[in-house]
Amino acid sequence: MWKDKGKTFVSAILGGACISFGGIAYLSLDEKVLGALFFTVGLFTICTFGLNLFTGKVCYVFAQDRGYAVNVAVIWAGNLTGTWLVAQMVKLSRLSALVEKAQTMCQVKLEDSFLSLFLLGILCNIFIYIAVEGFKNNPHEVGKYLSLFFGVMVFIICGFEHCVADMFYFSVAGVWSGETLLRLLVISGGNAVGGVIFPLVRGWMVG
């Protein structure tokens with residue numbers, strides 16, 4: 001069991017790193033739409049290589065057994081580890097110029113209300129579910145990737161909150177505190193709620 005949990009954790013570290021790569025691309029570009037497009041490299045890589053991402057896995061928590069829910073918590077911790085590690089690399093390289101931009105972005109998140117963060121987390125993961133489910137089940141190859149790209153781009157452009165991306169931004173900005181962690185947990189809760197809305201409603205309609 002511990003070996004399986006270890007593999008889950010390592011896969012989640014890689015998943016967090018992939019989202020961080022998307023975050024680096026987003027911070028490197030001043031044009032928001034272009035930044036949203038290249039941020040998609042994160043979920044594209046995760047889905048292509050079957051890596052673990054909290055916001056994707058949490059969507060299916062009610063369709064699995066109790067052990068799956070434990071894995072989701074392990075994945076959250078692994079994603080946090082992966083984003084933190086990549087953020088330290090950024091801060092120790094010439095990419096450290098991105099720190100100031102990340103701090104400006106994080107200031108908005110740290111001054112926002114908890115209700116706003118929670119609601120924006122819900123809205124974000126509705127689109128993550130659309131992206132992931134579309135990639136898994138769309139019968140057309142082009143449709144699979146359009147699901148990913150449009151799902152991710154829309155939530156970025158709209159300013160919705162994605163907890164794993166925020167793990168990276170908070171780490172690059174160097175703004176970790178008890179308050180920051182609490183806000184991240186609120187966003188994560190919103191992501192969890194948003195992720196299960198569509199599956200539960202679809203199940204009810206089919207049933």
Side-chain angles (χ1 to χ4, degrees), residues 12 15-16 18-20 22-23 26-27 32 35-36 39-40 42-43 46-47 51-64 68-84 87 102-135 147-173 175-202:
C18 289
I19 293 298
S20 300
Y26 182 77
L27 290 174
K32 190 172 184 178
F39 182 93
T40 311
L43 192 58
I46 287 166
C47 289
L51 302 175
N52 284 326
L53 182 68
F54 171 81
T55 49
K57 295 296 184 181
V58 76
C59 299
Y60 304 97
V61 70
F62 287 119
Q64 304 292 332
Y68 184 88
V70 175
N71 276 346
V72 169
V74 172
I75 290 167
W76 189 93
N79 289 162
L80 178 60
T81 303
T83 54
W84 185 85
Q103 288 173 339
T104 300
M105 179 189 297
C106 290
Q107 192 64 34
V108 175
K109 301 175 188 294
L110 294 174
E111 293 177 353
D112 202 3
S113 71
F114 287 103
L115 177 60
S116 175
L117 292 173
F118 183 73
L119 294 175
L120 292 175
I122 291 175
L123 293 172
C124 171
N125 237 52
I126 290 174
F127 281 95
I128 290 295
Y129 174 74
I130 291 170
V132 172
E133 187 71 6
F135 180 83
S147 297
L148 285 182
F149 279 82
F150 281 120
V152 173
M153 286 184 68
V154 169
F155 93 71
I156 293 289
I157 290 170
C158 292
F160 299 154
E161 295 290 348
H162 186 280
C163 67
V164 183
D166 286 339
M167 291 173 184
F168 172 70
Y169 296 135
F170 288 148
S171 297
V172 172
V175 293
W176 280 109
S177 67
E179 172 81 6
T180 305
L181 178 59
L182 179 58
R183 288 176 177 272
L184 181 63
L185 291 173
V186 169
I187 293 166
S188 301
N191 289 159
V193 172
V196 300
I197 287 176
F198 268 40
L200 289 177
V201 172
R202 287 177 71 187

For this session: Please assess Leu200 against Phe62 for the test side-chain contact (heavy atoms from CB on, under 4.5 Å), listing each intermediate value before the final yes or no.
Result: CA-CA 8 Å; Leu200 289 177; Phe62 287 119; 4.0 Å; yes
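- Between Ser147 and Phe135 the shortest heavy-atom distance is CB-N, 4.0 Å.
- At least one donor-acceptor pair closer than 3.5 Å links the side chain of Asn79 to the backbone N or O of Ala12.
- Side-chain atoms of Glu111 and Gln107 form a donor-acceptor pair, as typed in the model, at a separation below 3.5 Å.
- Taking every heavy atom of both residues into account, Tyr68 and Lys57 meet most closely at OH-O, 2.6 Å.
- Panel note: side chain Asn191, backbone Gly121; a donor-acceptor pair is recorded below 3.5 Å.
- In this structure, the side chains of Trp76 and Leu185 come closer than 4.5 Å at one or more pairs of heavy atoms.
- Under a 3.5 Å cut-off, the side chain of Glu161 and the backbone N or O of Leu120 do not form any donor-acceptor pair.
- By the 4.5 Å heavy-atom criterion applied to side chains, Ile19 and Ile46 are counted as neighbours.
- Two residues are said to be in side-chain contact when any heavy atoms from C-beta on lie closer than 4.5 Å; Tyr169 and Leu27 meet this criterion.
- Closest approach of Cys47 to Leu148, counting heavy atoms only: SG-CD2, 3.8 Å.
- Listed here is the closest heavy atom pair of Leu184 and Met167: CD2-CG, 3.8 Å.
- With rounding to the nearest 0.5 Å, the separation of SG in Cys124 from CZ in Phe160 is 8.0 Å.
- Aromatic ring pairs are classed by plane angle as parallel below 30°, tilted from 30° to 60° and perpendicular above 60°; the pair Tyr26 and Phe39 is perpendicular.
- Considering only heavy atoms from C-beta on, Ser171 comes within 4.5 Å of Trp176 through its side chain.
- From Cys163, atom SG reaches atom CG of Asn125 across 7.5 Å, with rounding to the nearest 0.5 Å.
- Side-chain atoms of Ser116 do not come within 3.5 Å of backbone N or O of Ser113 as any donor-acceptor pair.
- Atom CD1 of Ile128 and atom CG of Leu123 lie 12.5 Å apart (nearest 0.5 Å).
- In this structure the side chain of Val132 never reaches within 4.5 angstrom of the side chain of Cys59, judged on heavy atoms.
- For the atom pair CZ (Phe155) and CG (Leu43), the distance works out to 8.0 Å, reported to the nearest 0.5 Å.
- In Phe149, the CZ atom is crowded: over 12 heavy atoms of neighbouring residues, nucleotides or ligands sit closer than 6.0 Å.
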For this session: Please report the C-alpha distance between Val193 and Phe118 in whole Å, then the side-chain angles of each, then the deciding distance to 0.1 Å, and finally whether the side-chain contact (heavy atoms from CB on, under 4.5 Å) criterion is met.
Result: CA-CA 9 Å; Val193 172; Phe118 183 73; 3.9 Å; yes
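- Proximity of Phe54 to Val72: side-chain heavy atoms (C-beta onward) are separated by under 4.5 Å at one or more points.
- Atoms CZ and OG1, from Phe170 and Thr180 in turn, are 6.0 Å apart once rounded to the nearest 0.5 Å.
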Exercise. Are Leu53 and Ile75 close enough, and set up right, to give a side-chain contact (heavy atoms from CB on, under 4.5 Å), and what steps lead you there?
Worked result: CA-CA 6 Å; Leu53 182 68; Ile75 290 167; 5.6 Å; no
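- Annotation: the span from Glu133 atom CD to Phe198 atom CZ amounts to 11.0 Å, rounded to 0.5 Å.
- Considering all non-hydrogen atoms of both residues, Gly16 and Val164 come closest at CA-CG1, 4.3 Å.
- Minimum heavy-atom separation, Asp166 to Ile187: OD2-CD1, 3.2 Å.
- Between the side chain of Arg183 and the backbone N or O of Leu117 there is no donor-acceptor pair closer than 3.5 Å.
- Counting heavy atoms of neighbouring residues, nucleotides and ligands inside a 6.0 Å radius, atom OH of Tyr60 exceeds 12 of them.
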